[in-house]
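Everything below concerns the one structure shown next.
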Amino acid sequence: MYKRFKKLFYVFLLSQPPIARLRQWRNIISILLIMSIPYPALAADNKSNDFILKTELADSAGNEAAVHLKPITIIGIDSNQPTQSNTSILKGRLLHLQRSDTLGRTLEKELGVSNASFGPGVGIPVIRGLTGSRIRMLQSGIGSHDAASLSPDHAVAIDPLFAEEITIIRGPETVRYGGNAIGGVVDVKDHRIPERAPKNLVSGSVESRYDTNGNGTNSAVKLNLGKDWLAFNLGGFYRSRGDIRIPGKAIDEHFIAQQYGLTDIQNISGKIPNTDSESNGGFAGISWLGDAAMAGMSISHVDNRYGVPRGSHGLDPNHLGGLELILPKLNDLTGFEDIFGPQALFPNIRLAMRQTRYDFKSEWYEPIRGIERIGFRYGLVDYQHTEIQGGLPFTKFKNEAGEGRFEIDHHFFPRLTGTFGVQWIDRNFSALGVETFVPETKQHSLGFYTTQQYTWNRWIVSGGVRIEQSRVNPKASELRLRGSALPPIPLPDELKYQTTSFSSSLQRNLVDDLTMTISFNQGKRSPDIQELLSLGPHLSIRSFDIGNVQLKNETMNMVDLGFDWKKERFSLRVNGYYNRTDDFIFQRNTGLVYEIDNEVIRQQCVSKAECVSIFAYDQQDAEFIGYESEFGATLYKLPQGDLLLTLFSDYVRGRFVRGMHGDVPRMPPLRYGIELGLDNSRWNSALRYTRAEAQHHPGENETITKGYHLLTVSADYQMKMGKWADVWLFAKGTNLLNEEIRSSVSFLRNFAPEPGRSFVLGLRATF
C-alpha cells in the first residue's frame, strides 16, 4: 500500500508545472504536519525510560526536586564555545532594565543598533544603518506583519513588555528568514505558546513602572498555569503617557530657515504637543506537552493609539501663507475665528492601530534516528491602523497575512548537523482614504532553505542557501494621480521575482578562549510593495512618493570578520564588516515639488511651505563599512561586589558608488563610551556615558546633526519573599545631562528631538 501511494504521489507531483508543484509541496507539508500530531502521543506511551534523564538537585534550603531533562546531543563543540560574534541575545536582568515603550528604544544600547524614532510612540530598530524592508521583525519566529516598513511613522506591532528574550542576528543566519532580512533580524520571544508546565500549578510575574518624563505608566501581568501534559499562559498589559518633555525648542529653526526660507516662526519649548499615547493588549495560549512532542496555539490582541508630533503632516495651506505646515501651535487666530477653529487650522494627527494574531506551533522530537526535531510554526495576522486628522479618519491601512514555517533538524552524520526548511507568506495589503498612495495588492512568497554546520577539532564550518520566489499582484490596472493632468501609469497584472541567497562562515578556536569567525553572505531581496507601486503625497514624512515597477532584485554581498576573546577577568568582542549592495533601492530626491493645496507638480514652489519634495524610488550600487567593539573587565573584587568596566564603540559609513556619488541618507553617527558597574548577587548598579559624534554625511538634501553626550544610570535590588516569590526593584535615569538630542536616523529629527531627562522607577514580582 505504501509503495503504491508513494508511486502515485510522485506521478502527481511531476505532472504539475513548476509553480504549481511548489504550491502542492507547501500544501502537502501542512497536511502531513497536521496529520502527524497524534502519532507522537502513541510513540511516547511505548518510549523507553532510557530517553528520560532524571537529575536530583538540591537547593540552598536543602529541598530536593526531580528535574526531567530531555537528552541533548553535543557533537564536536566545547560547552564553553562562544556564540557567533555577529549575533547577540538580550534576556534576563538586562532585558528588564532596557525595556521601554518601543522596540527600537529597548535595543538602542546594543552594538550596531539605533532607534529610528518618530515621536515617542514609534521606535524602529536600525541595524548597521539599514531598516525598513531590509530588517525582519519577528514574534517568536513569525513576522510582525504591520506597516512599519511602509513608513517611518508607523509603529512596530510587537510590544517589548512581554519579551522574555530578544535575539539580534546580523550575520549569515539571516538566510533562513528571506529577502526582507538581508540587513538583519530582530526576534522577540515571548513564550505565549507554553513550552513547559509550571512546577507548582501556577507561576507568573507582575510588573509596574513609572516614567517621570510624560508621566508614563506601564503595567503588565503574566500567568502560567497547568500540570504534566497541559499548560496555559495568560497575560495583559496597559501603557499610558502624556506629552514628552524636551530641554529646548521642538523645531530646529536653522533647518526651517535653510529648507523653507522662513526666519520668523512660532516655536514651542519644553515639550512636544500631541506626543501622548495609550496602548493595551493581552494574550492567551494553550499547549499539549508530551514526552516526544508538543502542540500549542495562542491568540493575542493589541490596541495602540498615539499622536504624531505636529509639523510632520501637511495641513490646510489656504491660510497664513502655509505656515501652519510647520508651526506646532498658533495662539493668534484673529480674523479666522468665524472660519476655522484651532483643530481646523492645526488638526492633531493621531494613529489608531490594532492587531489580532493567531499563532500555532508543534514540534516532534527525535521521531527517527538522525532527526532531532520536526517543527511547524504558522501565524495569521489581522492588522490595521487608521490615521486620524482633526478627529476625522483620513486613511486606513490594512494588512492581512499568513506566514508558515516547516523545519527538520538533523544529525545524520557524527560531525554534521543542520536544518531543512520551507517558508511561505500570503499577504493582502490595502490603503484606503485621502492618503491612498499605494493600491490594494496581494503578495505571495515561497522559499526553500537549508543551513548546515560541520565541526572538526577546533573548526566549525557553516553554510546555507535559500531559493525564494515571490509574486506581487496589484488589483488596480493603473496608477492615476487625483487632480493631475499627468497621464496614468499602466500596471502589469503580476510582477514575479526569484532570488537565490547564500551564506557561509568559518569559525576557529585559535586558543581555548579566543575564537575567530569570518563569514560571507550574499543575500538578495525583491522590491517591496511601496517601492513598486507608490504614487501620491505621503504627508507624514513631507514627501510625494513615486514607485518604480522596473525595479530589480537588490543583492547584498557582506564580509564579516569577528573576534571573541573571553578570560576569567576580561572579555573582548570585535566585529568589522564590509557590505557591497548592488542595485540598492532608495528614494531619490528628484528636485521637483508637489503643491498640496493645488495638487500640482512644479519645478519650484510659489510658497515653499505649501510644497513637499518629490522622491522617486531608484536603484544605485552602495557600500557600507563599519565595526562594533566591546571590552569588558572585572577591575576589582570587593566585599560589596565586583567593580566592572565596559568600553564600547560602533560606526557605519554608507555611500553610493558608480555613477551617482554621495552619502546614503540617515546613517547613524560614530558612537563610543564607557560604563562602570558594581555587581552583587542581590543588587547591581551602573553608570554609562555615550558620546555620539556629529553626522557630517547626512545624504543629499538632508541636514547635518550635531553630536551629543548621553549619561544614564541604573540600579536594581532583588529580594526573596520566602519560597513563593521574588521581588525585584529597579530604577534608571536617562539623559541625565538633559541634552538636546536629534537622531540622524530619524525622519522627524528637525521637528521632534529625543526626550529630555527622565527617571523610571519600577517593581517586578515573580512567583
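The structure displayed is predicted, hence computed values, not measured ones. Because only heavy atoms are used, hydrogens play no part in the values below, and waters and symmetry mates are left out as well, while side chains stay in. For this chain, numbers begin at 1 and follow the sequence in order.
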Using 0.5 Å steps for rounding, measure from the [atom1] atom of [X] to the [atom2] atom of [Y].
X: Tyr358; Y: Leu380; atom1: OH; atom2: CG; result: 8.5 Å
X: Phe162; Y: Gln139; atom1: CZ; atom2: CD; result: 10.5 Å
X: Lys524; Y: Lys552; atom1: NZ; atom2: NZ; result: 10.5 Å
X: Glu372; Y: Asp409; atom1: CD; atom2: CG; result: 6.5 Å
X: Phe412; Y: Thr417; atom1: CZ; atom2: OG1; result: 12.0 Å
X: Leu138; Y: Arg405; atom1: CG; atom2: CZ; result: 7.0 Å

| query | With a cut-off of 6.0 Å (strictly less than), are more than 12 heavy atoms of other residues, nucleotides or ligands near CZ of Arg93? | reply | yes
| Considering residues, nucleotides and ligands other than Ile467, do more than 12 of their heavy atoms fall under 6.0 Å from its CD1? | no
| query | Which pairs pass salt bridge (charged side-chain N to carboxylate O under 4.0 Å, His left out) with one or both residues in residues 455-465, sequence neighbours excluded? | reply | Arg458-Asp512
Are the side chain of [X] and the backbone N or O of [Y] linked by a donor-acceptor pair below 3.5 Å?
X: Asp528; Y: Gln530; value: no
X: Arg427; Y: His145; value: no
X: Glu164; Y: His191; value: no
X: Thr102; Y: Ile124; value: no
X: Arg466; Y: Arg176; value: yes
X: Asp187; Y: Ser140; value: yes
X: Gln98; Y: Thr106; value: yes
X: Thr450; Y: Thr419; value: yes
X: Asp513; Y: Trp565; value: no
X: Glu468; Y: Gln423; value: no

| query | Is a salt bridge present between Glu440 and Lys398, judged by a nitrogen-to-oxygen distance below 4.0 Å? | reply | no
| request: Determine, for Glu628 against Arg128, whether the closest basic-nitrogen to carboxylate-oxygen distance falls under 4.0 angstrom. | output: yes
Shortest non-hydrogen contact from [X] toward [Y]:
X: Asn521; Y: Phe502; result: OD1-O, 2.8 Å
X: Glu630; Y: Leu111; result: CB-CD1, 3.7 Å
X: Ile460; Y: Thr455; result: CG1-CG2, 4.1 Å

| query | Between Gln452 and Tyr454, does a side-chain hydrogen bond (donor to acceptor under 3.5 Å, both in side chains) hold up when you go through it step by step? | reply | CA-CA 7 Å; Gln452 304 295 320; Tyr454 180 79; over 6 Å; no
| request: Could you go through the salt bridge (charged side-chain N to carboxylate O under 4.0 Å, His left out) check for Glu403 and Arg377 one step at a time? | output: CA-CA 8 Å; Glu403 178 180 350; Arg377 289 298 309 267; over 6 Å; no
| Distance under 6.0 Å and angle within 45° of the ring axis: does Arg357 meet both against Phe283? | no
| Contacts of type salt bridge (Lys or Arg N to Asp or Glu O under 4.0 Å), residue Glu531, not counting sequence neighbours | Arg525
